[in-house]
Amino acid sequence: MEKNTPVPLTVIVPVRNEACNIAACLISVAWADEVWVVDSHSNDQTVEIAQRMGAKIAQFDFADGFPKKKNWALGNLPLRHEWVLLLDADERVPPELEQEIRVLFRGQNLADGYYINRKLIFLGRWIKHCGWYPSWNLRLFKHRLGRYEKLNAEDVAQAGDVEVHEHVVLAGQAAYLTHDLLHEDFKSIFHFIERHNRYSNWEARVYANFARGEHGVNNIGASLFGSPPERKRLVKQWWVRLPFRPLLRFVWMYLFRLGFLDGRPGLIFCTLMAMHEAVIGAKLYERELPRLSDKQTGC
(Lines give C-alpha, C1' and ligand atoms only; values in the text may rest on other atoms or scores of the structure.)
Protein backbone atom coordinates (compact mmCIF):
# COMPACT_ATOMS: atom_id res chain seq x y z
CA MET A 1 0.00 0.00 0.00
CA GLU A 2 1.53 3.29 -1.14
CA LYS A 3 2.16 6.10 1.32
CA ASN A 4 -0.63 8.33 -0.07
CA THR A 5 -3.16 5.54 -0.71
CA PRO A 6 -6.15 5.72 1.66
CA VAL A 7 -6.27 2.82 4.11
CA PRO A 8 -9.54 0.85 3.75
CA LEU A 9 -10.94 1.43 7.23
CA THR A 10 -13.46 3.75 8.89
CA VAL A 11 -12.49 6.06 11.74
CA ILE A 12 -15.23 6.95 14.25
CA VAL A 13 -14.76 9.98 16.52
CA PRO A 14 -17.50 10.70 19.12
CA VAL A 15 -17.59 14.39 20.09
CA ARG A 16 -19.36 17.18 21.89
CA ASN A 17 -17.86 20.68 22.02
CA GLU A 18 -14.39 19.55 20.93
CA ALA A 19 -13.41 22.57 18.79
CA CYS A 20 -10.06 22.72 20.61
CA ASN A 21 -9.16 19.12 19.77
CA ILE A 22 -10.97 17.94 16.66
CA ALA A 23 -8.67 19.45 14.01
CA ALA A 24 -5.53 17.78 15.39
CA CYS A 25 -7.38 14.47 15.68
CA LEU A 26 -8.68 14.54 12.12
CA ILE A 27 -5.35 15.64 10.65
CA SER A 28 -3.77 12.57 12.25
CA VAL A 29 -6.21 10.22 10.45
CA ALA A 30 -6.34 11.96 7.07
CA TRP A 31 -4.91 8.73 5.61
CA ALA A 32 -8.08 6.75 6.43
CA ASP A 33 -10.58 6.23 3.60
CA GLU A 34 -13.62 7.19 5.71
CA VAL A 35 -14.02 9.32 8.84
CA TRP A 36 -17.25 9.75 10.81
CA VAL A 37 -17.61 12.41 13.51
CA VAL A 38 -20.55 11.52 15.76
CA ASP A 39 -21.72 14.69 17.46
CA SER A 40 -24.17 15.41 20.29
CA HIS A 41 -25.37 18.81 19.07
CA SER A 42 -22.22 20.77 19.91
CA ASN A 43 -22.69 24.49 20.45
CA ASP A 44 -19.14 25.43 19.44
CA GLN A 45 -17.37 25.10 16.07
CA THR A 46 -16.75 21.34 16.28
CA VAL A 47 -19.05 20.37 13.40
CA GLU A 48 -17.95 23.20 11.12
CA ILE A 49 -14.28 22.29 11.60
CA ALA A 50 -14.96 18.59 10.99
CA GLN A 51 -16.94 19.33 7.82
CA ARG A 52 -14.19 21.56 6.45
CA MET A 53 -11.77 18.69 6.97
CA GLY A 54 -13.91 16.25 4.99
CA ALA A 55 -15.42 14.19 7.81
CA LYS A 56 -18.94 12.81 7.62
CA ILE A 57 -21.24 14.04 10.40
CA ALA A 58 -23.90 12.15 12.33
CA GLN A 59 -25.95 13.58 15.21
CA PHE A 60 -26.66 11.40 18.23
CA ASP A 61 -29.56 11.94 20.64
CA PHE A 62 -29.00 10.09 23.91
CA ALA A 63 -32.08 8.48 25.45
CA ASP A 64 -30.60 8.11 28.97
CA GLY A 65 -29.92 4.41 28.67
CA PHE A 66 -28.51 1.96 26.20
CA PRO A 67 -26.88 2.32 23.73
CA LYS A 68 -24.42 5.11 24.27
CA LYS A 69 -22.69 6.91 21.44
CA LYS A 70 -19.98 4.45 20.37
CA ASN A 71 -22.22 1.38 20.37
CA TRP A 72 -24.89 3.39 18.55
CA ALA A 73 -22.37 4.40 15.89
CA LEU A 74 -21.16 0.82 15.43
CA GLY A 75 -24.71 -0.43 15.01
CA ASN A 76 -26.30 2.37 12.99
CA LEU A 77 -23.81 4.22 10.77
CA PRO A 78 -23.57 3.11 7.11
CA LEU A 79 -19.92 2.15 7.49
CA ARG A 80 -18.05 1.73 4.23
CA HIS A 81 -15.46 -0.70 5.58
CA GLU A 82 -15.28 -3.85 7.68
CA TRP A 83 -12.58 -2.39 9.92
CA VAL A 84 -13.06 0.56 12.29
CA LEU A 85 -10.70 2.64 14.40
CA LEU A 86 -12.36 4.28 17.43
CA LEU A 87 -10.74 7.53 18.58
CA ASP A 88 -11.63 10.23 21.07
CA ALA A 89 -11.23 13.83 19.92
CA ASP A 90 -8.22 14.35 22.21
CA GLU A 91 -6.33 11.43 20.67
CA ARG A 92 -3.97 11.50 17.67
CA VAL A 93 -2.43 8.78 15.52
CA PRO A 94 1.32 9.51 15.19
CA PRO A 95 3.05 8.74 11.86
CA GLU A 96 4.69 5.60 13.28
CA LEU A 97 1.30 4.12 14.25
CA GLU A 98 -0.16 5.12 10.88
CA GLN A 99 2.66 3.27 9.12
CA GLU A 100 2.17 0.19 11.30
CA ILE A 101 -1.53 0.12 10.40
CA ARG A 102 -0.68 0.52 6.70
CA VAL A 103 1.69 -2.45 6.90
CA LEU A 104 -0.99 -4.40 8.76
CA PHE A 105 -3.49 -3.88 5.95
CA ARG A 106 -0.96 -5.03 3.37
CA GLY A 107 -0.74 -8.40 5.10
CA GLN A 108 -3.06 -11.37 4.82
CA ASN A 109 -3.02 -12.67 8.39
CA LEU A 110 -5.07 -10.06 10.20
CA ALA A 111 -6.47 -10.82 13.62
CA ASP A 112 -10.06 -9.71 14.34
CA GLY A 113 -8.97 -6.75 16.44
CA TYR A 114 -5.92 -4.97 17.87
CA TYR A 115 -5.07 -3.43 21.21
CA ILE A 116 -3.31 -0.07 20.98
CA ASN A 117 -1.26 1.43 23.80
CA ARG A 118 -2.03 5.04 24.78
CA LYS A 119 0.56 7.62 25.77
CA LEU A 120 -0.96 10.34 27.98
CA ILE A 121 0.42 13.88 27.63
CA PHE A 122 -0.60 15.96 30.65
CA LEU A 123 0.44 19.59 31.11
CA GLY A 124 2.90 19.14 28.26
CA ARG A 125 4.61 16.05 29.69
CA TRP A 126 4.30 12.35 28.97
CA ILE A 127 2.97 10.66 32.11
CA LYS A 128 5.23 7.66 31.79
CA HIS A 129 4.73 6.45 35.35
CA CYS A 130 1.85 6.81 37.88
CA GLY A 131 0.54 3.41 36.69
CA TRP A 132 -0.78 5.12 33.55
CA TYR A 133 1.54 3.49 31.03
CA PRO A 134 1.13 1.06 29.40
CA SER A 135 -2.60 1.63 28.82
CA TRP A 136 -3.98 -0.93 26.38
CA ASN A 137 -7.32 -0.38 24.64
CA LEU A 138 -9.00 -2.40 21.89
CA ARG A 139 -9.60 0.31 19.29
CA LEU A 140 -8.98 -1.27 15.87
CA PHE A 141 -11.34 -4.14 15.04
CA LYS A 142 -13.90 -5.61 12.66
CA HIS A 143 -16.99 -3.64 13.55
CA ARG A 144 -19.45 -6.53 13.30
CA LEU A 145 -17.45 -8.45 15.92
CA GLY A 146 -17.01 -5.76 18.56
CA ARG A 147 -19.30 -3.86 20.92
CA TYR A 148 -18.67 -1.95 24.13
CA GLU A 149 -19.65 -3.79 27.28
CA LYS A 150 -22.74 -3.00 29.35
CA LEU A 151 -22.05 -2.53 33.07
CA ASN A 152 -25.58 -1.66 34.25
CA ALA A 153 -24.66 2.00 34.69
CA GLU A 154 -25.95 3.35 31.40
CA ASP A 155 -28.84 5.28 33.03
CA VAL A 156 -26.69 7.27 35.48
CA ALA A 157 -27.66 10.94 35.38
CA GLN A 158 -25.13 13.54 34.18
CA ALA A 159 -22.54 10.90 33.34
CA GLY A 160 -22.32 11.74 29.64
CA ASP A 161 -23.54 9.94 26.55
CA VAL A 162 -20.37 8.18 25.44
CA GLU A 163 -18.52 5.07 26.61
CA VAL A 164 -15.35 6.22 28.38
CA HIS A 165 -14.14 3.46 30.71
CA GLU A 166 -16.09 0.59 29.18
CA HIS A 167 -14.10 -1.87 27.06
CA VAL A 168 -14.82 -3.50 23.72
CA VAL A 169 -15.91 -7.13 23.86
CA LEU A 170 -14.61 -8.83 20.71
CA ALA A 171 -16.08 -12.02 19.27
CA GLY A 172 -12.75 -13.06 17.78
CA GLN A 173 -8.98 -13.08 18.13
CA ALA A 174 -7.15 -9.96 19.32
CA ALA A 175 -3.49 -9.01 18.90
CA TYR A 176 -1.32 -6.04 19.90
CA LEU A 177 0.18 -3.17 17.91
CA THR A 178 3.66 -1.91 18.69
CA HIS A 179 3.35 1.87 18.37
CA ASP A 180 1.44 4.17 20.70
CA LEU A 181 -1.65 6.29 20.32
CA LEU A 182 -1.15 9.84 21.59
CA HIS A 183 -3.65 11.15 24.16
CA GLU A 184 -3.22 14.91 24.47
CA ASP A 185 -6.13 17.12 25.50
CA PHE A 186 -5.75 20.77 24.51
CA LYS A 187 -8.40 21.83 27.03
CA SER A 188 -7.61 23.28 30.47
CA ILE A 189 -7.50 21.82 33.99
CA PHE A 190 -10.96 23.33 34.47
CA HIS A 191 -12.30 21.04 31.74
CA PHE A 192 -10.31 18.09 33.12
CA ILE A 193 -12.02 18.45 36.50
CA GLU A 194 -15.41 19.09 34.90
CA ARG A 195 -15.07 15.93 32.80
CA HIS A 196 -14.00 13.79 35.76
CA ASN A 197 -16.93 15.06 37.79
CA ARG A 198 -19.18 13.42 35.18
CA TYR A 199 -17.04 10.29 35.11
CA SER A 200 -17.32 9.94 38.90
CA ASN A 201 -21.13 9.65 38.64
CA TRP A 202 -20.73 6.62 36.40
CA GLU A 203 -17.87 5.12 38.40
CA ALA A 204 -19.77 5.42 41.68
CA ARG A 205 -22.52 3.25 40.19
CA VAL A 206 -20.01 0.74 38.81
CA TYR A 207 -18.23 0.59 42.19
CA ALA A 208 -21.59 -0.06 43.88
CA ASN A 209 -22.40 -2.78 41.35
CA PHE A 210 -19.03 -4.48 41.88
CA ALA A 211 -19.43 -4.30 45.67
CA ARG A 212 -22.74 -6.16 45.32
CA GLY A 213 -21.22 -8.71 42.96
CA GLU A 214 -23.06 -7.36 39.90
CA HIS A 215 -20.82 -7.24 36.85
CA GLY A 216 -23.22 -6.42 34.03
CA VAL A 217 -23.74 -8.36 30.82
CA ASN A 218 -21.53 -8.87 27.78
CA ASN A 219 -18.55 -7.56 29.68
CA ILE A 220 -14.84 -8.33 29.40
CA GLY A 221 -14.75 -10.27 32.64
CA ALA A 222 -11.97 -10.24 35.22
CA SER A 223 -8.97 -12.53 35.04
CA LEU A 224 -5.47 -12.54 36.49
CA PHE A 225 -4.20 -14.29 33.37
CA GLY A 226 -6.31 -12.45 30.79
CA SER A 227 -5.74 -9.33 28.71
CA PRO A 228 -4.52 -6.10 30.38
CA PRO A 229 -8.10 -4.74 30.65
CA GLU A 230 -9.24 -8.02 32.24
CA ARG A 231 -6.45 -7.80 34.82
CA LYS A 232 -7.40 -4.19 35.58
CA ARG A 233 -11.02 -5.22 35.99
CA LEU A 234 -10.00 -7.86 38.56
CA VAL A 235 -8.03 -5.26 40.51
CA LYS A 236 -10.97 -2.84 40.44
CA GLN A 237 -13.35 -5.45 41.83
CA TRP A 238 -11.08 -5.86 44.86
CA TRP A 239 -10.25 -2.15 45.02
CA VAL A 240 -13.84 -1.11 45.76
CA ARG A 241 -13.73 -3.02 49.05
CA LEU A 242 -10.68 -1.18 50.45
CA PRO A 243 -10.83 1.70 52.97
CA PHE A 244 -8.95 5.01 52.53
CA ARG A 245 -8.98 4.71 48.75
CA PRO A 246 -8.02 8.37 47.99
CA LEU A 247 -4.89 8.11 50.15
CA LEU A 248 -4.06 4.64 48.84
CA ARG A 249 -4.46 5.83 45.26
CA PHE A 250 -2.08 8.75 45.74
CA VAL A 251 0.54 6.62 47.52
CA TRP A 252 0.25 3.89 44.90
CA MET A 253 0.52 6.25 41.93
CA TYR A 254 3.06 8.74 43.24
CA LEU A 255 5.36 6.48 45.26
CA PHE A 256 4.96 2.82 44.26
CA ARG A 257 4.34 3.56 40.57
CA LEU A 258 7.05 6.25 40.56
CA GLY A 259 4.84 9.19 39.68
CA PHE A 260 7.42 11.51 41.25
CA LEU A 261 9.63 10.79 38.21
CA ASP A 262 7.09 12.64 36.05
CA GLY A 263 7.95 15.93 37.73
CA ARG A 264 5.42 18.57 38.69
CA PRO A 265 2.85 17.37 36.12
CA GLY A 266 3.09 13.92 37.75
CA LEU A 267 2.44 15.38 41.20
CA ILE A 268 -0.55 17.37 39.93
CA PHE A 269 -1.92 14.38 38.05
CA CYS A 270 -1.65 12.04 41.07
CA THR A 271 -3.29 14.67 43.29
CA LEU A 272 -6.18 15.15 40.86
CA MET A 273 -6.73 11.40 40.56
CA ALA A 274 -6.73 11.04 44.38
CA MET A 275 -9.35 13.83 44.46
CA HIS A 276 -11.30 11.94 41.80
CA GLU A 277 -11.24 8.84 44.02
CA ALA A 278 -12.50 10.93 46.96
CA VAL A 279 -15.39 12.25 44.87
CA ILE A 280 -16.34 8.72 43.83
CA GLY A 281 -16.34 7.71 47.51
CA ALA A 282 -18.51 10.70 48.45
CA LYS A 283 -21.02 9.85 45.72
CA LEU A 284 -21.06 6.23 46.85
CA TYR A 285 -21.91 7.39 50.37
CA GLU A 286 -24.54 9.76 49.00
CA ARG A 287 -26.14 6.84 47.16
CA GLU A 288 -26.47 4.96 50.46
CA LEU A 289 -28.16 7.81 52.36
CA PRO A 290 -31.75 6.92 51.36
CA ARG A 291 -31.16 3.33 52.50
CA LEU A 292 -29.68 4.52 55.82
CA SER A 293 -32.61 6.87 56.31
CA ASP A 294 -35.09 4.06 55.58
CA LYS A 295 -33.42 1.85 58.19
CA GLN A 296 -33.52 4.60 60.82
CA THR A 297 -37.19 5.45 60.24
CA GLY A 298 -38.36 1.91 59.63
CA CYS A 299 -39.61 2.76 56.11
Task: Modelled atom types, side-chain donor and acceptor of Asp39 and Gln59, under 3.5 Å - done: yes
Task: Pairwise side-chain contact, Phe122 with Ile268, heavy-atom cut-off 4.5 Å (strictly under) - done: yes
Open item on the list: For residues Leu140 and Val93: do they belong to one hydrophobic cluster (side chain heavy atoms under 4.5 Å, members Ile, Leu, Val, Met, Phe, Trp, Tyr)?
Closed with: yes
Task: N-O pairing of Arg102 and Glu98 below 4.0 Å - done: yes
Task: Nearest heavy-atom neighbours spanning Gly160 and Phe62 - done: O-CE2, 3.8 Å
- [ ] Would you please say whether a donor-acceptor pair under 3.5 Å links the side chains of His183 and Asp90?
- [x] yes
TODO: Check the hydrophobic clustering (I, L, V, M, F, W, Y; side-chain heavy atoms under 4.5 Å; chains of links allowed) and say if Phe256 and Ile127 are grouped together.
DONE: yes
Open item on the list: Which heavy atom of Arg125 sits nearest to which heavy atom of Leu261, and what is that distance?
Closed with: NH2-O, 2.9 Å
Open item on the list: Under 4.5 Å between side-chain heavy atoms, counting indirect links through other Ile/Leu/Val/Met/Phe/Trp/Tyr residues: same cluster for Ile220 and Ile116 or not?
Closed with: no
Open item on the list: Are Ile121 and Leu97 linked, directly or through intermediate hydrophobic residues, by side-chain heavy-atom contacts shorter than 4.5 Å (ILVMFWY only)?
Closed with: no
Open item on the list: According to salt bridge (Lys or Arg N to Asp or Glu O under 4.0 Å), does anything in residues 41-59 pair up with another residue at least two apart or in another chain? List the pairs.
Closed with: Glu34-Lys56
Open item on the list: Under the side chain to side chain donor-acceptor pair (under 3.5 Å) definition, can you give me all pairs with a residue in residues 259-274, not counting sequence neighbours?
Closed with: His129-Asp262
Open item on the list: If the condition is side-chain contact (heavy atoms from CB on, under 4.5 Å), which residues does Tyr199 pass it with, not counting sequence neighbours?
Closed with: Val164, His165, Arg195, His196, Glu203, His276
TODO: Taking all heavy atoms of Asp33 and all of Pro8, pick out the closest pair and write down the distance.
DONE: CB-CA, 4.3 Å
Open item on the list: With a 4.0 Å cut-off on N to O distance, would you call Arg16 and Asp161 a salt bridge?
Closed with: no
Open item on the list: Checking the side chain of Arg231 only, and the main-chain atoms of Gly226 only, is there a donor and an acceptor separated by less than 3.5 Å?
Closed with: yes
- [ ] State whether the side chain of Asp88 and the backbone N or O of Val13 hold a donor-acceptor pair below 3.5 Å, judged by distance alone.
- [x] no
Task: Phe60 and His41, any side-chain heavy atoms less than 4.5 Å apart - done: no
Could you go through residues 243-255 and list every donor-acceptor pair under 3.5 Å that involves a side-chain atom there, pairing it with any protein atom two or more places apart or in another chain?
unit_1 : atom_1 : unit_2 : atom_2 : d
Arg245 : NE     : Glu277 : OE2    : 3.4
Arg245 : NH1    : Val240 : O      : 2.9
Arg245 : NH1    : Leu242 : O      : 3.1
Arg249 : NH1    : Glu277 : OE1    : 2.7

- [ ] Would you confirm whether Asp112, through its side chain, and Gln173, through its main-chain N or O, come within 3.5 Å as a donor-acceptor pair?
- [x] yes
TODO: Answer whether the closest heavy-atom distance between the side chains of Leu9 and Val84 falls below 4.5 Å.
DONE: no
Task: Residues that Asn76 engages under side-chain contact (heavy atoms from CB on, under 4.5 Å), provided they are two or more places apart - done: Trp72
Open item on the list: Can you tell me how far apart CG (Leu272) and CD1 (Ile189) are? Round to the nearest 0.5 Å.
Closed with: 5.5 Å
Task: N/O donor-acceptor pair under 3.5 Å between Glu18 side chain and Thr46 backbone - done: no
- [ ] Name all residues meeting the ring-ring contact (aromatic ring centres under 6.0 Å, His included) criterion together with Tyr176; count only those two or more places apart in sequence or in a different chain, and write none if there are none.
- [x] Tyr115, Trp136
- [ ] Would you indicate whether the side-chain heavy atoms of Asn197 and Ser200 approach each other to under 4.5 Å?
- [x] yes
Open item on the list: Strictly below 4.0 Å, N to O, side chains only: are Glu91 and Lys119 in salt-bridge contact?
Closed with: no
- [ ] Quick one: closest heavy-atom pair of Leu181 and Arg92, and the distance?
- [x] CD1-O, 3.3 Å
TODO: Using modelled atom types only, decide if a donor and an acceptor are shared between the side chain of Glu166 and the backbone of Glu149 within a distance under 3.5 Å.
DONE: no
Open item on the list: Are more than 12 heavy atoms, taken from residues, nucleotides or ligands other than Lys142, located less than 6.0 Å from that residue's NZ atom?
Closed with: yes
Open item on the list: Counting only heavy atoms from other residues, nucleotides and ligands, does the tally under 6.0 Å from CZ of Arg80 exceed 12?
Closed with: yes
- [ ] Please check if any side-chain donor atom of Asn201 sits under 3.5 Å from a side-chain acceptor atom of Lys283, or the reverse.
- [x] yes
Task: Geometric cation-pi criterion Lys68 and Tyr148, 6.0 Å radius, 45° cone - done: no
- [ ] Over all heavy atoms of both residues, which pair between Asn117 and Ser135 is shortest? Give the atoms and the distance, please.
- [x] OD1-N, 2.5 Å
TODO: State plainly whether the residues Asp180 and Arg118 are in salt-bridge range, i.e. N to O under 4.0 Å.
DONE: no
Task: Heavy-atom closest pair, residues Leu74 and Arg147 - done: O-NH2, 3.5 Å
